[in-house]
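The structure under discussion appears below in the form of C-alpha cells.
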Amino acid sequence: MSKRRVIIFDTTLRDGEQAPGFSMNTEEKIQLALQIERLGVDVMEAGFPISSPGDFEAVTKVAQIIKNAGVAGLCRANEKDISVGWDALKHAVRPRIHTFIATSDIHLQHKLKKSREEALEIAVNAVKFARNLCDDVEFSAEDALRSDVDFLCQVTEAVIAAGASTVNLPDTVGYTMPFEIDKVISTVLNRVPNIDKARISVHCHNDLGLAVANSLMSVNAGASQVECTINGIGERAGNCSLEEVVMGLNVRKDLFEDIEIGVKTDEIYRASRMLTSITGVGVQPNKAIVGKNAFAHEAGIHQDGMLKNRTTYEIMTPESVGYPSTSLVLGKHSGRHAFIQRIEALGFELEKDAVQSAFEEFKVLADKKKEVFDEDIESIILNQSKDTTVAYTMETVNILSGDTTIPTATVKLADSEGNVSIDASTGDGPVDAVMKAIERIAGIAGRLKSYQIKALTAGKDAQGEVVLAAEFDNAGYDVRGRGSDTDVVVASAKAYLDALNKYITRKQSKDVRNTEKGV
Ligand code: KIV
Ligand code: ZN
C-alpha cells in the first residue's frame, strides 16, 4: 500500500518561543534548530523575521545552517513583512514563506476592522507576492476553526489558485472539539475544487487540552501537515505537542497504517531536554512521553507485570523515544575527550573556542564538585551560548549575610566597552541586596515577578539554578533570566543580570512585541 506522508512542521522556535518565559537568544535557537533537524522534522518555523532585529538574525542564521529540513518564517499578509521575511529565508536550502490573516468574523470585526471581502483580497495578494519570491508558500487562515466554513472554503480555494501549496487551518484559541475539527477538515477537503494542488495543515492550540486529539483527528480526516512544538510550548496553554502527536501516530500504526512520518523518535527525549535546559522551564513529571515518570512503574502489581512481560504496562519502550537508561558522570580526572563526547551526546554543537572555554569551566566546577552530571554540563554549555553583545558582564560578586548582620552585596560589572563599575547595596536579604546593587550600576529599576531556585543535581555540593522573571522600568512586559553557580546568591545575581541584559537588548531593538501582543 502506498503511504500518505504527513508533514511534521515544528514551530517551537516561533509559536513556542513567542510564549512568555520561553524567549531564546540566537545561539540558543541555533543549538535547538540543529537538534530539531536531527529529529527529522520536514519543516521548522524559525521565527517571525519582521518582529525584531533579533528574530531576523535568528531566522537568517537558522536558514543558513539547516540543510535537511525546510525553514519557514512567519509574515503578516503584507508586502513589507513578506519582503523582510524573504531576506531572512532566502539563504535556506528549502525556504518557505508562511503568511497569514484572520478569517473569523470575531477577528475581522474586532481586531482587523475589515470585511470578509477585504480579508480575501489581502490574502490572495499576499500569496501572489510571496510566490514571486519563493516557490513554497504556506497560507494560514488565523482563527480558521471559528470562521464560517463556507468562507473558509472560499479563502482556501482562492489562496491555492494564487499559488499557496499549503493551507493551514489553525484552531488559534484551542476552542474546537475533535468531532468538529473532523467535520471542518472533511468539508474543506471535499468541497474545495482545486484541493489536489495543496496540503491541508492543522495548527491546534491547547486551551482545552485537546490540541493533540484534534491534530490526530485531523490527520484521520485527511490533513497532511501537523504543526506542533517540542514539549507542547506556545501561546497560553501551548500548541500541539510534537512528541505526543508523533508517538500517537507511531504507537497506533494499526489505526494509521496508511500514514508515514519522517521523525526519528529516538531523538525526542534529547530535544525535550535541550529545550528544558535552554529555557529553564521543565515539564511536569507526569508529562506524556518525556516526563520524569513517563516510564516509571511504582505500583507493586505493575512492577510484577513488567518483570513478567514489559508489554503488560508499557505501550512503547523508553529506548524508542531516546530515554537514557543510565546517566554518565564526569569528574575532575575526566579528560577533554570524554567531555566533548558528553557535549555531543547531549545534542549540542559548539565552536572550537566555545569547547575550550566550556572545558575550562568544567575543570573549575569539577574541582568544587566531586561528580559532574549532565545537568551541570548543560548549564556550562549554555553559559557559552550567552549573547556576545550583552550590555553588562559580571566580574565579581561579594555578599555579607547572616542572622546578625544587614545583608550587603558588592557587585562589579563591566559594560560592553570594557568600563568597569563597582557598587554596593543593602537589602532585605542577600538576593535582594545583590539585585539592588546591579540596578544601581545599570541605573534601571526592576521588579522581580517570579523566582525559582532548584538544585541542578543531587548532593550538598550541587549547583543551584535560578530562573526568574522581572519587569524593568515598568515596561509592561517581563523578561526571563537564568543563572547557575555552586553559590546560590551568585546564581541569583547571574540570573538577574541575564534578565536585565535581555531587557536592554529588547528595548534597543524596538521589538514589535513591545507594542503589539503576539500576532
Ligand atoms: O495560532 C495561530 O493561528 C498561529 C498562526 C499565525 C499560524 O500561530
Ligand atoms: Zn499559533
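We number each residue from 1, following the sequence as shown. Each ligand, and each atom within it, is numbered from 1 in the order the structure gives.
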Handout entry: Cation-pi geometry met for R14 and F48 (6.0 Å, 45°)
Key =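 No; the conditions do not both hold, so R14 does not lie above the ring face of F48.
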Looking at every heavy atom in both E378 and S277, which two are closest together, and how far apart are they?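 Nearest heavy atoms, E378 then S277: OE1-CB, 3.7 Å.
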Item to check | Atom of S215, atom of V202 and distance for their closest heavy-atom approach | outcome: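 Smallest heavy-atom distance, with atoms named: CA-CG2, 4.2 Å.
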#### Entry: Under-4.0 Å salt bridge between R38 and E349
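Looking at R38 and E349, the cut-off is met.
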Just wondering, more than 12 heavy atoms not from K67 lying within 6.0 Å of its NZ?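 Buried by this count: over 12 neighbours within 6.0 Å.
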Exercise. Take atom CD in E351; do more than 12 heavy atoms of anything else shown fall under 6.0 Å from it?
Worked result: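 It does not: E351 CD has 12 such atoms or fewer within range.
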Q. Within the stated cut-off of 2.8 Å, is an N/O/S atom of D15 closer than that to the Zn ion (ligand 2)?
A.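 For D15, the answer is yes, given that an N, O or S atom comes within less than 2.8 Å of the Zn ion (ligand 2).
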**Request:** Look at atom 8 (O) of ligand 1 and find which of H107, E235, R14 reaches it with the closest heavy atom.
**Result:**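 Of the listed residues, R14 has the closest heavy atom.
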H205 neighbourhood, listing ligand 1 atoms whose heavy-atom distance to it stays under 4.0 Å
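Numbered from 1, ligand 1 contributes 1 (O).
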Would you mind running through ligand 1 and noting each atom that sits below 4.0 Å from a heavy atom of E142?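 Result: 3 (O).
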Say whether H203, considering both its backbone and side-chain N or O atoms, lies within less than 3.5 Å of an N or O atom on ligand 1.
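For ligand 1, there is an N or O atom that lies under 3.5 Å from one belonging to H203.
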Part of T172 with heavy atoms under 4.0 Å of ligand 1, whether side chain, backbone, both or neither: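 Contact part for T172 vs ligand 1: both backbone and side chain.
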Part of E227 within contact of ligand 1 (heavy atoms, under 4.0 Å):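 Neither part.
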